[in-house]
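Just below is one structure, and these are the notes that go with it.
The figures here come from the full heavy-atom set of this structure, side chains too, leaving out hydrogens, waters and symmetry mates. Keep in mind that what you see is a predicted model, and the values were worked out from it rather than measured.
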Amino acid sequence: MVWFITTVVCICGALLIQYLYASKILRMKQAIFIKDIALRDVRAEGDRLDEQETELSKQQTSLTHGIRHLRGDIKALALHLQEREIDVPEPDFPLSELEEDLDG
């Protein structure tokens with residue numbers, strides 16, 4: 001009878017140890033899974049930010065070219081108006097700052 005009780009106690013102890021370690025392993029796997037999802041999200045966000053940076057760079061280049069084109073049009077229009085002896089108002093901002101921004 002003692003052998004039977006000892007066997008049952010050993011089996012119960014082994015099952016308890018297996019349960020504890022299995023639940024610990026499961027929690028570790030869940031933590032790793034959550035970290036993997038977070039890492040994927042961060043990488044996707046990084047890719048999205050890189051795409052936005054590229055798009056904004058293209059927009060900045062396009063706007064810079066547009067400003068340069070408009071500046072040439074304004075100069076040509078100003079000369080045309082001066083030929084017709086029409087007064088051209090002075091801008092409210094210094095044109096030198098605009099030219100420095102375009103060159104840089």
Side-chain angles (χ1 to χ4, degrees):
M1 185 73 173
V2 173
W3 292 105
F4 179 72
I5 294 173
T6 305
T7 305
V8 170
V9 169
C10 286
I11 291 173
C12 288
L15 289 173
L16 181 63
I17 291 171
Q18 181 187 6
Y19 170 75
L20 292 175
Y21 281 108
S23 65
K24 185 172 185 169
I25 290 172
L26 180 62
R27 284 193 301 269
M28 289 171 57
K29 284 183 178 182
Q30 287 174 340
I32 290 170
F33 181 72
I34 290 170
K35 288 179 183 178
D36 284 344
I37 289 174
L39 183 60
R40 252 185 265 130
D41 290 345
V42 167
R43 286 182 179 156
E45 183 70 16
D47 292 342
R48 189 182 67 77
L49 288 175
D50 289 341
E51 290 172 6
Q52 269 188 337
E53 179 184 14
T54 303
E55 182 64 28
L56 289 174
S57 177
K58 289 177 183 177
Q59 287 178 1
Q60 181 182 11
T61 302
S62 175
L63 287 172
T64 302
H65 291 303
I67 289 172
R68 286 181 179 160
H69 183 71
L70 285 173
R71 185 172 32 152
D73 289 348
I74 290 171
K75 286 180 182 179
L77 182 61
L79 289 175
H80 184 67
L81 290 174
Q82 285 176 354
E83 289 173 359
R84 292 184 175 219
E85 297 179 359
I86 299 174
D87 291 333
V88 178
E90 291 295 321
D92 295 340
F93 56 91
L95 293 176
S96 61
E97 289 180 12
L98 181 61
E99 291 173 2
E100 290 172 3
D101 289 343
L102 289 175
D103 293 336

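Both Leu77 and Ile86 are members of a single hydrophobic cluster when ILVMFWY side chains are connected at heavy-atom separations under 4.5 Å.
Distance check: Gln60 CD to Ile67 CD1 gives 9.5 Å after rounding to the nearest 0.5 Å. Glu53 contributes atom CD, which lies 12.0 Å from atom NZ of Lys58 (distance to the nearest 0.5 angstrom). Rounded to the nearest 0.5 Å, atoms CZ (Arg43) and CG (Asp41) are 11.0 Å apart. Distance check: Ile74 CD1 to Leu79 CG gives 12.0 Å after rounding to the nearest 0.5 Å. Note that the CD1 atom of Ile37 and the CD1 atom of Ile32 stand 12.5 Å from one another [nearest 0.5 Å]. Here the CD-CD1 distance, from Gln18 to Ile25, works out to 9.5 Å after rounding to the nearest 0.5 Å.
Within a 6.0 Å radius of CG in Asp47, other residues, nucleotides and ligands contribute more than 12 heavy atoms.
When each of Val8, Val9, Leu15 is checked for a side chain to side chain contact (heavy atoms under 4.5 Å, CB included) with Cys12, only Val8 meets the rule.
Between Gln30 and Leu26 the shortest side-chain heavy-atom distance falls below 4.5 Å.
The existence of a salt bridge linking Glu51 and Arg48 is excluded, since no basic side-chain nitrogen approaches an acidic carboxylate oxygen closer than 4.0 Å.
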